[in-house]
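Report on the structure given below.
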2 protein chains.
Amino acid sequence: MDRADVNGVTARADVCSTAMTAPETRNERKERTRRALLDAALRQASERGFAALSLREITKQAGVVPTAFYRHFESMDELGVTLVEESMRTLRTMIRGARNTPGGSADLIRASVRTLSEHVRSHGEHYWFLVRERYGGTGAVRQTIGVELKLLTGELAVDLARFEGLRDWSTDDLRMLADLIVSAMLATVLELLEARPGADAEITADAERKLRLIFLGVPHWRSR
Amino acid sequence: MDRADVNGVTARADVCSTAMTAPETRNERKERTRRALLDAALRQASERGFAALSLREITKQAGVVPTAFYRHFESMDELGVTLVEESMRTLRTMIRGARNTPGGSADLIRASVRTLSEHVRSHGEHYWFLVRERYGGTGAVRQTIGVELKLLTGELAVDLARFEGLRDWSTDDLRMLADLIVSAMLATVLELLEARPGADAEITADAERKLRLIFLGVPHWRSR
DNA sequence: AGATTGAGTGTACAGTCGTTCACTGAAAAC
DNA sequence: GTTTTCAGTGAACGACTGTACACTCAATCT
């Protein structure tokens, strides 16, 4: 078995008329191999890093010939940026989920961390990719992640501004706080990814304590 | 110019007897090309990542033939682990420097952050390497960094235990605090590395505020 | 003085890589 | 029904990779 035959070309050639193969429009088919390329790339990149990707290997896993790659992406970097955007979308989904959980401050921390850990578990590859390339990456991919993460920190700062003890904080102090939270949570994400799934409770408890400690300082903060 | 000719073989062949070339023992010479290999590898790895290293390119930069590599390292991974150890040594040096600065708590934060930023500026490649491979790496290199960083966090926890408001903290709480500090400082290191050198003051000021905020919560902490 | 060691050399090989080019054939457009 | 479009094909390329092997020759040891 050399290639994955995602499009089922072999089967389609002789079975298409007899078996109930779904009739596919050309765009659907194109989109499908595009997805196959992205999925293969994400899997490889989350394991060995984006820099170690091989165009040939990706196309092999996607079930197409190497040259077919260029029908979908102009370069590897373009595919990388697409992966960043998709990963960022799931990250934003997570944050939105954490934001919309009702409850008090202590419970909110608990609920948010819980949302985070569950999301990391169910979208491991996206988080691996983001963490990996945020620090280890190069070029367009790394830069894009940096920009998006800065944007995301800004959003978090805005969210924080609506909380009780933070209403009168300056924009810059809020950004600093958001930054601190993000870096702490990023470290938590890495711990979750590296640990065996059984250790989740321990790690999330640790993350909760870190956030609690940070927020304990908030009432006593005065900007200088 | 194909190779760097670190050992000056070309010159030595005909000038050795006339010019005052320092007489070198065999071990000295070996150590020198070993260093050249490590330096070339560190430079490349800090720019493009360890995974993107090429044995041939490293040896070319070191001024030796590719196969000579194996006289010094059994594999690329072995060289990688050596780089981790060396980088970790400079990191420990930095921490020791920060620990030994006298002064009160507020000044201590300021002095420590200052030590950090100066160290990052003067040992940029080591810090690039550590940050890169801690998150983006694979295999032995990444694992070694993880272990060493955990050890280092432990040391920091012990250091923290001697401070005023932290004497009665549990070991686990201290480790959590150390962890939080390390992750915040790691993010700071990355900011320093990515920013143009002129922005140092801004970044260090930010780092100071983060640490101050964290320590503001300490007096109000009660373990659950 | 002669034997030994070992860092560095040069050639060669089998793989993999990204990219080029002309092509096929079915879906889409006319 | 004919033409056009274009995702996917397959061979070929030049460049680069890590490593095996037999070698040289100066520093070291005896």
Side-chain angles (χ1 to χ4, degrees), chain A residues 2-17 21-38 40-41 44 48 50-80 139, chain B residues 2-17 21-38 40-41 44 48 50-80 139:
Chain A
D2 202 7
R3 272 187 264 148
D5 193 21
V6 170
N7 288 329
V9 281
T10 352
R12 278 165 56 90
D14 45 350
V15 190
C16 180
S17 50
T21 312
E24 259 183 327
T25 171
R26 202 137 87 157
N27 287 341
E28 286 172 346
R29 196 185 151 96
K30 171 161 184 175
E31 179 55 28
R32 196 150 61 108
T33 78
R34 191 184 130 98
R35 267 258 64 83
L37 287 171
L38 285 168
Q44 292 286 325
R48 299 183 294 143
F50 183 75
L53 281 193
S54 145
L55 182 149
R56 286 184 110 100
E57 206 165 326
I58 290 173
T59 52
K60 183 185 287 186
Q61 284 193 21
V64 290
V65 99
T67 48
F69 180 89
Y70 299 104
R71 301 285 179 200
H72 303 272
F73 304 98
E74 201 192 41
S75 65
M76 206 59 147
D77 262 357
E78 193 183 303
L79 178 142
Chain B
D2 202 6
R3 272 186 263 150
D5 192 21
V6 170
N7 288 328
V9 281
T10 353
R12 278 164 57 91
D14 46 349
V15 189
C16 180
S17 49
T21 311
E24 259 182 326
T25 171
R26 202 135 90 157
N27 287 340
E28 284 172 346
R29 196 187 153 94
K30 170 160 185 176
E31 179 56 28
R32 196 151 59 108
T33 77
R34 191 185 131 97
R35 266 259 61 85
L37 287 171
L38 284 169
Q44 292 286 327
R48 300 184 294 140
F50 183 76
L53 282 192
S54 144
L55 182 148
R56 286 184 109 101
E57 206 166 325
I58 290 174
T59 52
K60 183 185 287 185
Q61 285 194 22
V64 290
V65 99
T67 48
F69 179 89
Y70 298 104
R71 300 284 179 201
H72 303 271
F73 303 98
E74 201 192 41
S75 65
M76 206 59 147
D77 262 358
E78 192 183 304
L79 179 142

For a quick test of reading the model: is some side-chain N or O of B:Thr33 closer than 4.0 Å to OP1 or OP2 of C:dG8?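 Result: yes.
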
Is any side-chain N or O of B:Thr25 closer than 4.0 Å to OP1 or OP2 of D:dT28?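 Checking D:dT28 against B:Thr25, a side-chain N or O does come within under 4.0 Å of OP1 or OP2.
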
Does any N or O donor sit under 3.5 Å from an N or O acceptor when you compare the side chain of B:Arg71 with the base of C:dG6?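 Answer is no: no donor-acceptor pair is held.
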
Do B:Thr67 side-chain and C:dG8 base share a donor-acceptor contact under 3.5 Å?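 A donor-acceptor contact between them is absent.
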
Can you find a pair of side-chain heavy atoms, one from B:Asn27 and one from B:Glu31, that are under 4.5 Å apart?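 No - every pair of side-chain heavy atoms lies 4.5 Å or more apart.
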
Roughly how many Å is it from [atom1] in [X] to [atom2] in [N], rounded to a whole number?
X: B:Arg29; N: D:dC25; atom1: CZ; atom2: C1'; value: 11 Å
X: A:Lys60; N: D:dT9; atom1: NZ; atom2: P; value: 14 Å
X: B:Ile58; N: D:dT17; atom1: CD1; atom2: P; value: 10 Å
X: A:Phe69; N: D:dG10; atom1: CZ; atom2: C1'; value: 19 Å
X: B:Glu31; N: C:dA7; atom1: CD; atom2: P; value: 12 Å

Do NZ/NE/NH1/NH2 and the carboxylate oxygens of A:Lys30 and A:Glu24 come within less than 4.0 Å?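 Salt bridge flag = no for A:Glu24 with A:Lys30.
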
So which one's nearest nucleotide on DNA chain D is more toward 5', B:Met76 or A:His72?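 Looking at the nearest nucleotide for each, A:His72 comes out on the 5' side.
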
Dump the pairs, protein N or O against N or O of nucleotides 15-17 of chain C, anything under 3.5 Å, distances to one decimal.
from, atom 1, to, atom 2, distance (Å)
C:dC17, OP1, A:Ser54, OG, 2.8

Contact list (N/O, under 3.5 angstrom) for nucleotides 1-5 of chain C vs protein:
from, atom 1, to, atom 2, distance (Å)
C:dT5, O2, B:Arg26, NH1, 3.4
C:dT5, O2, B:Arg26, NH2, 2.8

Show me the donor-acceptor pairs, under 3.5 Å and distance only, between side chains in residues 65-80 of chain A and residues at least two apart or in other chains.
from, atom 1, to, atom 2, distance (Å)
A:His72, NE2, A:Thr33, OG1, 3.0
A:Ser75, OG, A:Asp77, N, 3.4
A:Ser75, OG, A:Glu78, N, 3.4
A:Glu78, OE1, A:Glu74, N, 3.3

